[in-house]
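Here the structure is laid out as structure tokens; the discussion comes afterwards.
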Amino acid sequence: MPEKIDNQALLSGDRRALAKCITLVESTLPADRALATSLIEEILPNTGNSLRIGISGVPGVGKSTFIESFGLHLIETGKKIAVLAVDPSSPIAGGSILGDKTRMTQLSRSPDAFIRPSPSSGMMGGIAHKTRETILLCEAAGYDIILVETVGVGQSEVDVYSMVDFFMMLMVPNAGDDLQGIKRGITELVDSIIINKADGPSIPLAQTAKQYYQNALHLLRADSDFWRPRVLTCSSTEKTNIDQIASMIFEFQALATEENRMQNRREKQNLSWLKRLINNEVEQRLKHNETIRDIYPNLENDVIAGKRSPLNAATEVINLLFDKAP
Ligand SMILES: Nc1nc2c(ncn2[C@@H]2O[C@H](COP(=O)(O)OP(=O)(O)O)[C@@H](O)[C@H]2O)c(=O)[nH]1
Ligand SMILES: [Mg+2]
């Protein structure tokens, strides 16, 4: 039997209750899924009050170190911080978990920070699903800023972009390598590029990279939005310019709250998430429908042999699916 969930403990900010709730939403057991769905439904009125920030960048760029410094700074300004990770590349016991533990030592000891490593991998797409629900749980528990860390590769980046209010990309002060990031359409996603490791002999390089990215963003991105993406430099180890990044975030928050801009973005995110969930569910049922599974090879053969049109075969599958669905 799944354990009873204590909503009141969650809403009062109890960390153990929060951790338990996250474990529940990460569970794939049908009974847990049902409980998780009703839990999310119940706490929905207590969600939405945070600023959700995505932090991306290739492994080694300094995301965890940055989050340690940035998170501690935000806490000094009176905020409560939750840190979540989406890392589809990490093996079961995730390299990132080890990294996070050693890089976020101070933050992980703070009573105003909650750090949750990525759920075990092996289910692409599922991970981002859990992260959305986890964000809601952290909001219900009273966290003001949710930092979602992801490695800068493909789908996970786009997934994180589609669940946050502000998306930032960390780069190293080495313009040559990073041209790729710009080409991959990252300009469409970022609200800010942060050039990390701007310390010691890398300071001039970081300045050059900053110019370069500013130009690239200016050239490649049309300014239709209220927010123009900004390029900043910082050093996460020396903790320089971290306060500037925090100021930028608060400026964004103030602007985004005006005229319901943030609300509009979230509404769009929710609607496309709704569509994706429905599509996923239909696909799952299609996969697990035994009748369809049995006849499908023959249908394919008939289509290949030209005995039936694809339209005719598809209609049969769809009819079977929806007649049999509970
Ligand atoms: N010099 C310098 N090194 C940094 C900085 N930020 C992170 N690092 C180092 O870069 C390495 C990777 O950092 P980590 O936070 O684990 O990167 P992640 O894989 O993106 O999470 C570690 O050795 C850090 O100490 C920085 O601002 N300056
Ligand atoms: Mg890391």
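Values below: every heavy atom of this structure, side chains too, minus hydrogens, waters and symmetry copies. In this chain, numbering begins with 1 at the start of the sequence shown.
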| query | So with a 6.0 Å cut-off around CD of E290, is the heavy-atom count from everything else above 12? | reply | no
Would you kindly say whether [X] and [Y] are connected by a side-chain donor-acceptor distance under 3.5 Å?
X	Y	result
R285	N289	no
R228	H218	yes
S50	E139	yes
R308	T315	no
E157	S56	yes
S38	R33	no

| Salt bridge present between K287 and E283 (N-O < 4.0 angstrom) | no
| message | Check D159 with R276, please: is the shortest side-chain N to carboxylate O separation under 4.0 Å? | response | yes
So, the side chain of [X] versus the backbone of [Y]: is there a donor-acceptor pair under 3.5 Å, distance only?
X	Y	result
Q106	E68	no
D165	R52	yes
N241	T233	yes
T47	L44	yes
S69	S236	yes
K79	G71	no

| field | From CA spacing to verdict: side chain to side chain donor-acceptor pair (under 3.5 Å), S162, R132 | value | CA-CA 10 Å; S162 67; R132 281 164 203 271; 3.0 Å; yes
What's the separation between atom [atom1] in [X] and atom [atom2] in [Y], rounded to the nearest 0.5 Å?
X	Y	atom1	atom2	answer
S12	D6	OG	CG	7.5 Å
R266	Q263	CZ	CD	6.5 Å
R261	W227	CZ	CH2	11.0 Å

| request: On the 0 to 90° scale, with breaks at 30° and 60°, tag the Y161-F167 ring pair as parallel, tilted or perpendicular. | output: perpendicular
| task | Let me know which of I145, I249, I81 forms a side chain to side chain contact (heavy atoms under 4.5 Å, CB included) with F70. | result | I249
